[in-house]
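This structure is a prediction, so every number in the text was calculated from the model and none was measured. Basis for what follows: all heavy atoms, side chains included, without hydrogens, waters or symmetry-related copies.
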Amino acid sequence: MLSLICLTWILLVLLTGSTVSESIVIGEVGQDITVPCHYSVWNRHSITSMCWGRGSCPSSKCSQPIIWTDGWRVTEQHSSRYQLRGDLHRGDVSLTIVDARESDSGTYCCRVEIPGLFNDQRINHEVVVRKARTSTASPHTYTSEQTS
């Protein structure tokens, strides 16, 4: 009986994996858009590797990876338009998409590799890039009126 309970618990852990949270980030074409991602850094030994990928977070690693770090610096970057401008050593691994395009819309996965089985922090962000708003106001014309 005890072995059945243990087996059930192990299967539950294996099938569910780590928790995945989600958020929505909205920006405009031509803007830099920052997609947030942070993890807790207690000391220099808790600094860890992470990746950003396109699409939902898979069971391990990142699918369609766009940027990787070893925890201390960016080790792989698929485009200069994807940047990590935060303080990596303090756990700020937020992704900045430079000069956003409509084609940048979609799901992004931030995966922080936490040591241990099934401990990775996974966050899916839905990024929506809209066309820049155009002003409908008519231009102002100023005239001076002269009186005699």
Side-chain angles (χ1 to χ4, degrees), residues 6-145:
C6 289
L7 179 61
T8 303
W9 182 81
I10 290 170
L11 286 174
L12 181 64
V13 169
L14 288 174
L15 294 176
T16 58
S18 59
T19 304
V20 179
S21 56
E22 298 187 15
S23 72
I24 297 174
V25 177
I26 299 173
E28 289 185 354
V29 170
Q31 289 182 338
D32 291 357
I33 299 173
T34 299
V35 186
C37 189
H38 300 83
Y39 70 97
S40 297
V41 174
W42 306 105
N43 57 45
R44 65 183 307 268
H45 300 293
S46 61
I47 294 173
T48 187
S49 58
M50 65 82 55
C51 60
W52 277 96
R54 294 293 303 257
S56 295
C57 294
S59 298
S60 66
K61 305 296 180 193
C62 285
S63 58
Q64 301 178 49
I66 55 177
I67 199 162
W68 287 81
T69 77
D70 62 3
W72 298 95
R73 62 184 176 81
V74 172
T75 56
E76 190 177 326
Q77 184 176 12
H78 289 260
S79 168
S80 61
R81 293 185 53 244
Y82 298 120
Q83 299 178 7
L84 300 182
R85 295 180 176 172
D87 188 345
L88 298 181
H89 307 133
R90 293 185 186 254
D92 183 357
V93 290
S94 301
L95 175 70
T96 299
I97 304 170
V98 176
D99 191 23
R101 304 171 185 158
E102 283 186 271
S103 61
D104 292 321
S105 293
T107 304
Y108 289 77
C109 166
C110 172
R111 174 185 227 95
V112 178
E113 296 178 348
I114 307 296
L117 291 175
F118 310 108
N119 287 336
D120 287 0
Q121 172 183 306
R122 299 184 296 165
I123 304 171
N124 288 322
H125 294 278
E126 190 64 31
V127 174
V128 178
V129 183
R130 298 179 177 160
K131 289 183 182 176
R133 289 182 242 150
T134 55
S135 174
T136 58
S138 59
H140 296 287
T141 306
Y142 296 98
T143 58
S144 60
E145 188 177 300

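- Between N124 and Y108 there is no side-chain heavy-atom pair separated by less than 4.5 Å.
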Any chance you could lay out the side-chain contact (heavy atoms from CB on, under 4.5 Å) test for Y39 and D92, step after step, and finish with the verdict?
CA-CA 7 Å; Y39 70 97; D92 183 357; over 6 Å; no
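- By the 4.0 Å N-to-carboxylate-O rule, E113 lies close enough to K61 to be salt-bridged with it.
- Within the structure, disulfide (SG to SG under 2.5 Å) contacts touching residues 68-97 (residues at least two apart or in different chains) do not occur.
- Atoms OG1 and CD, on T107 and E126 in that order, are 3.5 Å from each other to the nearest 0.5 Å.
- Applying the disulfide (SG to SG under 2.5 Å) test to every pair with at least one member in residues 77-134, sequence neighbours left out, gives these pairs: C37-C110, C57-C109.
- Note that CD of Q64 is 10.5 Å distant from NE2 of H78, once rounded to the nearest 0.5 Å.
- Of all heavy-atom pairs spanning K131 and V29, the tightest one is CA-CG2, 3.9 Å.
- Smallest separation of non-hydrogen atoms from V127 and D104: CG1-O, 4.1 Å.
- Side-chain contact between T69 and L84 is present, with at least one heavy-atom pair separated by less than 4.5 Å.
- Across R81 and A100, no two heavy atoms sit closer than the pair NH2-CA, 3.8 Å.
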Pair V112-T48, side-chain contact (heavy atoms from CB on, under 4.5 Å): steps then yes or no:
CA-CA 7 Å; V112 178; T48 187; 3.5 Å; yes
Apply the test side-chain contact (heavy atoms from CB on, under 4.5 Å) to residues V98 and R85: give CA-CA distance (whole Å), side-chain angles for both, the deciding distance (0.1 Å), then the verdict.
CA-CA 11 Å; V98 176; R85 295 180 176 172; 3.4 Å; yes
Please walk me through it: do Q77 and Q83 pass side-chain contact (heavy atoms from CB on, under 4.5 Å)?
CA-CA 8 Å; Q77 184 176 12; Q83 299 178 7; 4.1 Å; yes
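- Taking 4.5 Å as the limit, some side-chain heavy atom of I66 sits within range of a side-chain heavy atom of L95.
- Classified by interplanar angle (parallel below 30°, tilted 30° to 60°, perpendicular above 60°), the ring pair H89/W72 is tilted.
- Looking at every heavy atom in both residues, Q121 comes nearest to I114 through N-CG1, 4.0 Å.
- The SG atom of C51 sits 8.5 Å away from the CG atom of D120 when rounded to the nearest 0.5 Å.
- Residues passing the side-chain contact (heavy atoms from CB on, under 4.5 Å) test with T75 are W68, D70, R73, sequence neighbours excluded.
- Listed by first and then second residue, the disulfide (SG to SG under 2.5 Å) pairs involving residues 65-102 amount to none (not counting sequence neighbours).
- Proximity of a side-chain donor or acceptor of N43 to a complementary backbone N or O of H45 within less than 3.5 Å is detected.
- Across every non-hydrogen atom of V129 and E28, the tightest pair is CG1-C, 3.9 Å.
- S63 meets the side-chain contact (heavy atoms from CB on, under 4.5 Å) test with P58; sequence neighbours excluded.
- Between H125 and W52 there is a side-chain heavy-atom pair separated by less than 4.5 Å.
- The closest side-chain heavy-atom distance from V25 to V128 is not below 4.5 Å.
- Of all heavy-atom pairs between R54 and S103, the closest is NH2-O, 3.6 Å.
- The side-chain contact (heavy atoms from CB on, under 4.5 Å) test applied to T34 returns S94, T96, not counting sequence neighbours.
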